[in-house]
Amino acid sequence: MNFLDAIWLIPLFPLFGAVLMFLIGRRLDPQPERSPEALEPELAEAMGEDAGQEHGHHPRFAPTRRLISWICPGTVLVSLLFSIGAVVQLAGLAEKAHQVILYTWLAGLPFHMGDGAVGRFAADLGFLLDPLSGVMILVVTFVGFFIHVYSIGYMGHETGYYRFFGYLNLFVFFMLTLVLANNYALLFVGWEGVGLCSYLLIGFYFHRKSASDAGIKAFVVNRIGDAAFILGIFMIFALTGTVRFLDVNQALHGLSAETAGFGVLSLTALLLFVGATGKSAQIPLYVWLPDAMEGPTPVSALIHAATMVTAGVYMVARSNALYSLAPETMAVVATIGALTAIFAASIAFAQNDIKRVLAYSTVSQLGYMFLAAGVGAYWVAIFHLFTHAFFKALLFLGSGSVIHAMGGEQDMRKMGGLKDKIPTTFWTMAVASLAIAGIPGFAGFFSKDEILWQAWSSPYGSKALWAVGTVTALMTAFYMWRLMYMTFWGECRADEHTKAHIHESPPVMTVPLTVLAAGSVLAGWLGVPKAWAFLPGSFHAFEHWLEPVWVAAAHEAGQGAHEAALEWALMGLSVLLAVAGILIARYLYVQRPELPDRIAEASGPLYPALLNKWYVDEIYNFLFVDGLAKGGGRVLGRFDQAIVDGGVNGAGWMTRFASAVSGWWDTWIVDGTVRLIAFAVKMISYPVRFLQTGFVQQYAAVILAGMAVALGYYLIK
Amino acid sequence: MLYPITTIHYVILSAALLLIGTVGFLTRRNIVIILMSIELILNAVNINLVAFSERFQAMEGQIFAIFVIAVAVAEAAVGLGILIALFRNRETVASDEIDLLKW
Amino acid sequence: MSQYYTSTDHFVLIPALMLALFGCAVLLFDFLIFPHPKQRKWLIVFLIIGEIFTGAGLWRQQSFLSSYGLNELTAFNGTLTIDGFALFFNWLFVLLSVLVAIVSYRYLEIENEHHGEYYGLILLAQCGMFFMATGTDLITLFLGLELTALSFYVMVGFLRTQKRSNEAAMKYLLLGAFSSGLLVYGFSLFYGLSGSTKIVDVADALAAREPGDPLVVLAMAAVAVGVLFKVSAAPFHMWAPDAYEGAPTTITAFLATGSKAASFAFLMRIFLGPLESARPTWEPLLIGAAVLSLFIGNIAAVTQTNVKRLLAYSSISHAGYILLGLIAGNETGLIGVAVYVAVYAFMTLGAFLVLVALRRRDLIGEDIEDLAGLMESSPGYAVLMLIFMLSLAGIPPTAGFIGKYYILLALIQTGHYTLAVIAAVFVAVAIYYYFRIVRAMFVSERKETAPLASTFGIKVALAVSGVLTLGIGIYPDPFLRMAGFSLIR
Amino acid sequence: MVSAILFYLFALMILGGAVLMVTRRNAVHAALWLVVTLLGVAGVFLLRSAEFLFVVQIMLYIGGVVLLILFVIMLVNLDAEARQPRFHRQWLLALACAVVVGAEIVYVLLSGLEAFRLAPAVTAVQTGGSTERLADVLFSEYLLPFEIASILLLVAIVGSVVMAKKRI
């Protein structure tokens, strides 16, 4: 069977599953009437996301529900099989790129571009399979499939099962569209689609207000990035006359790099990168990702760790031809990546919620990927993306298993000593933690080490970037093992009731953990360091496999001066630091558990700063919100006095408005940018609405004023 | 300037009537009078049209004026109908008292 | 003296004749054949038959044009012109009228105002729209505009016992009459400048004048105010939120789609006809109106709680986008306008239809709160509404994206980079308020348990608009070809 | 000369009537002043040899519309209404807008004066009276608008009945 020509089917299988769920899902899984106790919001809150699993009322579900458990993971499995088939056949091709174009999606009329050439903005509904998208579809379908399987167990007792799987399938559809698209416009379809699904899934537990707030936040932040992204797409079109990846790369191939300064190429690349920072949670748009963890844990694993958030990295790697021409933007990418990595790692130091540690860890690891991309080592970025997908998905699923075992508790201070009670979870998580810490032999070591080496040796890299990366590696090892020690070692700090119920998860959850653990070990061996030249070629397969994707200019960057001795030395240093990090964590949290508190006390303002995420949200607050709320209110007051009625209606509205302001003020102590933007928009919204006083002759006066301005404009001109 | 009477005199007359109609529309409270002000505006248009029609020695302007009158009549009829319905429910014909819909 | 009412005249007039005929027939049958209120929904069948005849007339015109390779067919000494543009809009009107009519009966029964006149007025309003899109004579255009507007004044106030409906109709009428007074004042100046009411003659006369001629400016400004009022572009938009909110929801849907599309057809007939030569003069005016519409529409929508009102502001912002296409003015832009108008009509209609289904006895169903948990209670409606919201927000792969894409592309092609950036930024703002609705449907607890007032008609209409909204987004090619056919040549 | 005097007489009727209409407190008085204005406009029509329009103006406008308005005033007239303020609170603002636009229009018209200034009306070769010619053109070239106008009036009738009648 020719899988290569059938790649367009790969996204369609999950779409089929999703449509099926929306059409008949409700009949397969009739919603049971909620028991009175489950309707109590406080109780639901108290029991956390696994409410009702162990305690209290078990809703009885229809037997047809099992059908859902077969259909939805099944569609992803079919996609996985098709992906494997297609990638295997791709490997046999001489030209490592295969396009399947179904039809022209967005037809464009020809027009003359600046240089006289005739451009035609035509975007296909077309799919491109090349080594890069091959890696991505394998990651998405493989990890996606196991997370689907895991969800069968994890979501087993939830209502809205069909909705959950419908959204999840829809997400896989959009993600596959994103990575398989052969042009920027179709990529944008997937880009928006995954955002939408992420939104719906974050808000899945809608009885938690914070969840639906987090969803809005995620969507709005992503939208800021998207506005830049879409402008970037149009810029690319204006530059090259096409949006097809292969043609764009070809068109850019002839150009010389913009070394002279910040030109139009750099601007385009920067616009795309702003889009990427939104989706991939980089400074300053990272704020949404930690909040996104309000969604169900499998969602965090799939969307907010393994796949969607890496879309930005994928897109930057995809646009490598453009970035190679814009060294200034590459420097920006690398710097933002490194800063995000160390910044997020420092916040992860002091978090006590197990999922939040992982969330900040994800932000930090994404920073690593951008660091690699920024120094021109695109294959390393993708390599880290690849290994990270395994161990981070595993960590999230493992934490889900822990939370499951603890009856919904997410605070690590109330855990401990779980090592023997949930052994499978423990062992698999330990593997993942070793991997992320960078212990040799585990996947994370290979990719992270390569990133550090490239940061040091690449012509775009620098010692400073390397130093930041290395320090981050130490911090990563520390906070991950802090998590491990707090969770699995020591005394169990849970209350008796919870303690009695601690149990290992069912096989439907632990099997995916085991498979991913195997991946977390093995995935790295596809790209061993160059210094390990004694190993046969297949151990260097990853770089070789991706090679056809990069245009020549980008590839040279990876070929920096290669000194084996230096590489061994740097590798040794990073391993040493990783081990040190683990040992410090062990010393602090196992041997001297009283120490951390004393350090926290002794550290002065540092610890609270970390605990409060460097007060970023509060700084946003102080700088903008306070001023706006008070100043804006005053301006509004004057506005209302001066203009229109100034009368009864206005006053009534002002009261409501003022109370709304003070209401928001409270919630903002814990919230940042998005609320700020939303607030700013609202602040403008009210005066605009005030103009609409409901008084018909005022409308007429405005019409006339409009005419007066129009006429006046011409008379003065 | 004032004599002989040319088209422009009519146009200025029309503009003045338009202005008065507009002022009436914008300032009066009574909706009946607002509707009457609309009649003034449309009459201003008609003066224009008839003046031009005479100037071009063609009938189009007059015909246009007939249709403008037809439209004015139709608007007045529907407007007064709506006004009666409004008055039945609200007991007022003051423009600034009908502001349920706003913001 | 040339012959009048020739066979060509008749051929061109058939659709309007059918509309008027069936309009009167519905008014008559209302009390002659179907005196009993329960029977009134059969009038819809008559309406549909009328639309079929209208459609047949349009179809014959279209095949006539294509079989003789003609661009246009004029009749009544150049008073009416059938061309791709007119046909495109008339097809749209036929579709919209049918969809609005078939969803209305349950809604009107719930509101206790189910009268036959309603369907008659829909047909007569559509008759007016026909002349707005087809007329090439100032008088015909003006009468078409007034015929449409008058029918809508009545339909907006159709819930006669409700204060809000009365008020909406009164405001709409007063402001509409005022603005059309200004419009016709501008027309009278056009006549004074050219000595003719035919659009071609006016165009020639205006082109002969030097740019910036004060009289042209005055006539243009007056006409522009009238037209921009009809398309509800800021700052002439203020009637729209009030009229939309107060009107019966079915009529709001018709007003926001049919009337708006007709007004844009009217606007293009005027601005691409007589005023094309004055493009440098009106371009700043339209740019101002477009940007202000984007600003006011998007910003004011953010804090609305009534969905109808929110959609009214959103429709103001969409008017801004459509104007941007007109400003770009190249082929892409004009196709973009046609595409956007149609696409906007489908998605807005769909959104309002969901609100129609939400109107139940003792339940208004207009607040965002009323949509809470719709995904749980009626997933079909929720998913459709989601598609409409995504489309309104311009997220691919929905039809709304195709429209925005064309507008943006045209702006970039013609070098209006600043406007393109402004348009893109407001797309980002728009998502915020559309997602307040999505949020209510998908991520809030269900509050209302009463089943939706769904009828066969609503289901059909929703399916049609949903399929169009999604279908055009995924496979736009046939639709784009149709829109390309609609260029004014 | 006579026509000039007549013109100024009618202009005075029109503008004076209009100003008084807009400023009268009592709606009935306003309607009566509207009649004066409309009569003035009818006179202008006569001056510009639009006899048919003159008749239409008298019959349709003064006979029809004003009567209708008077009916409505009688129907809805509240004694309270007459005691309430004539103008709403924002009348100054509205007036300012109107005055600005008016000034602009007059300025534009005066600066574009040349466009309209032709020789005083020529007496063209007329076959039959103005009414006859008008009918000729109306029922040949402008047949279509005439038909549209009939539908328009139908809508107006249906509309006002629907709105004003208690039970339909």
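Convention: sequence-line order gives letters A, B, ...; per-chain numbering from 1. Everything numeric in this text was worked out from a predicted model, so none of it was measured.
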Compare every heavy atom of [Y] with every heavy atom of [X], then report the nearest pair and how far apart it is.
X: B:Arg28; Y: D:Thr23; answer: NH1-C, 3.6 Å
X: D:Met21; Y: B:Ser37; answer: CE-OG, 3.8 Å
X: D:Ala27; Y: B:Met36; answer: O-CE, 3.9 Å
X: B:Arg88; Y: D:Lys165; answer: NH1-O, 3.8 Å
X: B:Ala77; Y: D:Ser160; answer: O-CB, 3.5 Å
X: B:Glu54; Y: D:Ser49; answer: OE1-OG, 2.7 Å

Could you tell me which portion of [X] (side chain, backbone, both or neither) has an atom closer than 4.5 angstrom to a non-hydrogen atom of chain D?
X: B:Val73; result: both
X: B:Leu83; result: side chain
X: B:Glu75; result: neither

Taking side chain as C-beta onward, heavy atoms only, is [X] less than 4.5 Å from [Y]?
X: D:Phe52; Y: B:Ile63; answer: no
X: D:Tyr8; Y: B:Ile5; answer: yes
X: D:Arg48; Y: B:Ser53; answer: no
X: D:Leu53; Y: B:Ile69; answer: yes
X: D:Tyr61; Y: B:Glu39; answer: yes

Quiz item: Is there a side-chain contact (heavy atoms from CB on, under 4.5 Å) between D:Ile73 and B:Asn30 once you walk through the steps?
Solution: CA-CA 10 Å; D:Ile73 294 172; B:Asn30 191 329; over 6 Å; no
Quiz prompt | Within 6.0 Å of CZ in D:Phe7, more than 12 heavy atoms from elsewhere | solution = yes
Quiz prompt | Distance in Å, D:Leu110 CG paired with B:Ile8 CD1, rounded so as to fall on 0.5 Å steps | solution = 6.5 Å
Self-check item: Interatomic distance, B:Met59 atom CE to D:Glu132 atom CD [nearest 0.5 angstrom]
Solution: 11.0 Å
Exercise. Evaluate the side-chain contact (heavy atoms from CB on, under 4.5 Å) criterion for residues B:Leu40 and D:Leu34: first the C-alpha distance (whole Å), next the side-chain angles of each, then the deciding distance (0.1 Å), finally the verdict.
Key: CA-CA 8 Å; B:Leu40 291 187; D:Leu34 176 65; 3.7 Å; yes
Quiz: residues 142-153 of chain D side-chain donor-acceptor pairs under 3.5 angstrom, not counting sequence neighbours:
| unit_1 | atom_1 | unit_2 | atom_2 | d |
| --- | --- | --- | --- | --- |
| D:Tyr142 | OH | C:Thr197 | OG1 | 2.8 |
| D:Ser150 | OG | D:Glu147 | O | 2.4 |

Exercise. Spell out the residues in residues 36-43 of chain D that have some non-hydrogen atom less than 4.5 Å away from a non-hydrogen atom of chain B, in order of number; otherwise answer 'none'.
Key: D:Thr37, D:Leu38, D:Val41
Practice problem: Pull out the residues in residues 63-71 of chain D that come under 4.5 Å of chain B, heavy atom to heavy atom, sorted by number. | Solution: D:Val65, D:Leu68, D:Ile69
Exercise. Select one option (side chain, backbone, both, neither) describing which atoms of D:Ile105 are under 4.5 Å from chain B's heavy atoms.
Key: side chain
Quiz item: Which one, B:Val32, B:Asn43, B:Ile33, leads in non-hydrogen pairs under 4.5 Å with chain D?
Solution: B:Asn43
Self-check item: Side-chain donor-acceptor pair present, B:Asn46, D:Gln57, cut-off under 3.5 Å
Solution: no
Quiz item: Counting heavy-atom pairs under 4.5 Å to chain B, which of D:Cys97, D:Gly159, D:Gly102, D:Ala18 comes out on top?
Solution: D:Ala18
Quick one: side chains of residues 12-26 of chain B, donor-acceptor pairs under 3.5 Å with protein atoms, not counting sequence neighbours, listed by atom name and distance.
| unit_1 | atom_1 | unit_2 | atom_2 | d |
| --- | --- | --- | --- | --- |
| B:Ser14 | OG | B:Ala44 | O | 3.0 |
| B:Thr22 | OG1 | B:Leu18 | O | 2.6 |

